[in-house]
Structure formats: structure tokens, C-alpha cells
Amino acid sequence: QDRLVDSGGGLVQAGGSLRLSCATSGITFNRYTMAWFRQSPGKEREFVAAISWSRDSTDYADSVKGRFTISRNNAKNTAYLQMNNLKPQDTATYYCAADHLGNRPMSRAEYDFWGQGTQVTVSS
């Protein structure tokens with residue numbers, strides 16, 4: 001059973017927006033820090049953003065600060081990534097991840113569960 005299911009990716013022109021969703025099941029969602037990572041072909045999976053299980057703290061990679069916003073809805077057991085002013089270099093497969101009671105780690109090794117990924121392609 002997939003505990004995390006990513007969705008919302010697609011093809012968009014530079015300057016456009018997308019909203020990714022990560023629906024969870026089978027976990028106590030309000031006890032998990034949620035994060036988004038991304039991976040381009042031939043590159044390491046990199047940290048994008050995280051939001052703490054207590055919902056009051058967030059972290060972002062420098063490359064997305066001011067453009068991306070991570071959020072969560074504990075009533076819906078879902079995390080989101082709003083991506084604005086997208087750039088071609090944002091093209092990647094985006095993965096959501098969950099870390100039990102984590103402190104917004106940026107290392108993918110700290111995360112317990114992963115989504116299957118959703119493709120984001122930004123054309124110039």
C-alpha cells in the first residue's frame with residue numbers, strides 16, 4: 001500500500017505556476033514532518049522544502065526561496081507545494097517525503113516514506 005501519493009505535475013511555460021499535492025494514508029500525519037525533493041536525470045535527489053509536523057516552521061532550498069511555498073492540511077492528511085514563477089531549471093521529478101517527528105532535515109536519508117514522484121517540466 002502506497003502511504004504517500006504525489007500528484008499535480010505537468011508541463012508549464014516559464015513564469016507559470018503548478019501546485020503539487022501529496023496525499024497520505026496509513027500514517028499519523030500530524031506527527032510527520034513533510035518535505036519535497038526533486039531529481040533531474042543524472043543528478044542527485046535534492047532537497048526543495050520541508051514543513052514541520054507542528055506546522056509552524058518551514059525550510060527552503062535557496063534556489064526556490066520566494067517562489068515556492070510548502071503547506072499542509074492536517075484535516076486532509078495532505079501536503080502541498082505551490083510553485084510560482086517556474087524556471088526551466090525547475091524541471092525534475094518531484095517527490096514528497098515524510099519523517100516521523102523530524103526537525104525538517106534536508107538529508108533524504110532521514111525520511112521514512114516516499115511518494116512515487118510527479119514530473120514537472122518547464123519550457124522556455
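Heavy atoms only: backbone and side chains are in, while hydrogens, waters and symmetry mates are out. Counting from 1, the numbers follow the sequence of the chain as shown.
No side-chain heavy atom of T33 sits under 4.5 Å from any side-chain heavy atom of I51. Between L18 and V120, some side-chain heavy-atom pair lies under the 4.5 Å cut-off. Within the 4.5 Å cutoff, no side-chain heavy atoms of S71 are placed close to those of Q82. Under the 4.5 Å side-chain criterion, counting only non-hydrogen atoms from C-beta, R72 is in contact with F29. In this structure, the side chains of R38 and W36 stay at 4.5 Å or more apart for every pair of heavy atoms. Side-chain atoms of R19 and L81, non-hydrogen and from C-beta on, never get closer than 4.5 Å to each other. Two residues are said to be in side-chain contact when any heavy atoms from C-beta on lie closer than 4.5 Å; H100 and I27 fail this criterion.
The ring-ring contact (aromatic ring centres under 6.0 Å, His included) pairs that include a residue from residues 59-81 number zero, where partners must be two or more places apart or lie in different chains.
Checked by atom type and distance alone, the side chain of R67 pairs as donor or acceptor with a backbone atom of S63 at under 3.5 Å. At least one donor-acceptor pair under 3.5 Å links the side chain of T24 to the backbone N or O of N77. In this structure, S21 contributes its side chain and G8 its backbone to no donor-acceptor pair below 3.5 Å. With hydrogens and angles ignored, the 3.5 Å screen pairs a side-chain donor or acceptor of Q116 with a backbone N or O of D6. Using a distance-only test at 3.5 Å, with no hydrogens or angles considered, no donor-acceptor pair links the side chain of T91 to the main chain of Q89. Between the R3 side chain and the G115 main chain, no donor and acceptor come within less than 3.5 Å of each other. Remark: side-chain polar atoms of T118 are paired, donor with acceptor, to backbone N or O of G9 under 3.5 angstrom.
The CG atom of N30 lies 9.5 Å from the CG atom of L101; values are rounded to the nearest 0.5 Å. Rounded to the nearest 0.5 Å, atoms CG (L4) and OG (S25) are 8.0 Å apart. The structure places CE of M34 at 10.0 Å from CG of N74, a figure rounded to the nearest 0.5 Å.
A salt bridge does not link E46 to R108: none of the charged side-chain nitrogens sits closer than 4.0 Å to a carboxylate oxygen. A salt bridge between D90 and K87 is absent, with no side-chain N of the basic residue lying under 4.0 Å from a carboxylate O of the acidic one.
With side-chain heavy atoms closer than 4.5 Å counting as contact, directly or through intermediates, the hydrophobic cluster containing F37 also holds F47, Y95, M106, Y111, W114.
Considering all non-hydrogen atoms of both residues, A14 and S124 come closest at CB-CA, 4.4 Å. Of all non-hydrogen atoms in P105 and D99, the two that sit nearest each other are CG-OD2, 3.2 Å. For the pair A98 and Y32, the tightest heavy-atom approach, listed with the atom from each and the gap, is CB-CD2, 3.7 Å.
The cluster map of Ile, Leu, Val, Met, Phe, Trp and Tyr, joined by side-chain heavy atoms under 4.5 Å apart, puts V5 and F113 in different clusters.
A donor atom on one side chain and an acceptor atom on the other are found under 3.5 Å apart for T93 and Q119. Checked by atom type, the side-chain pair N84/S17 shows a donor-acceptor distance below 3.5 Å.
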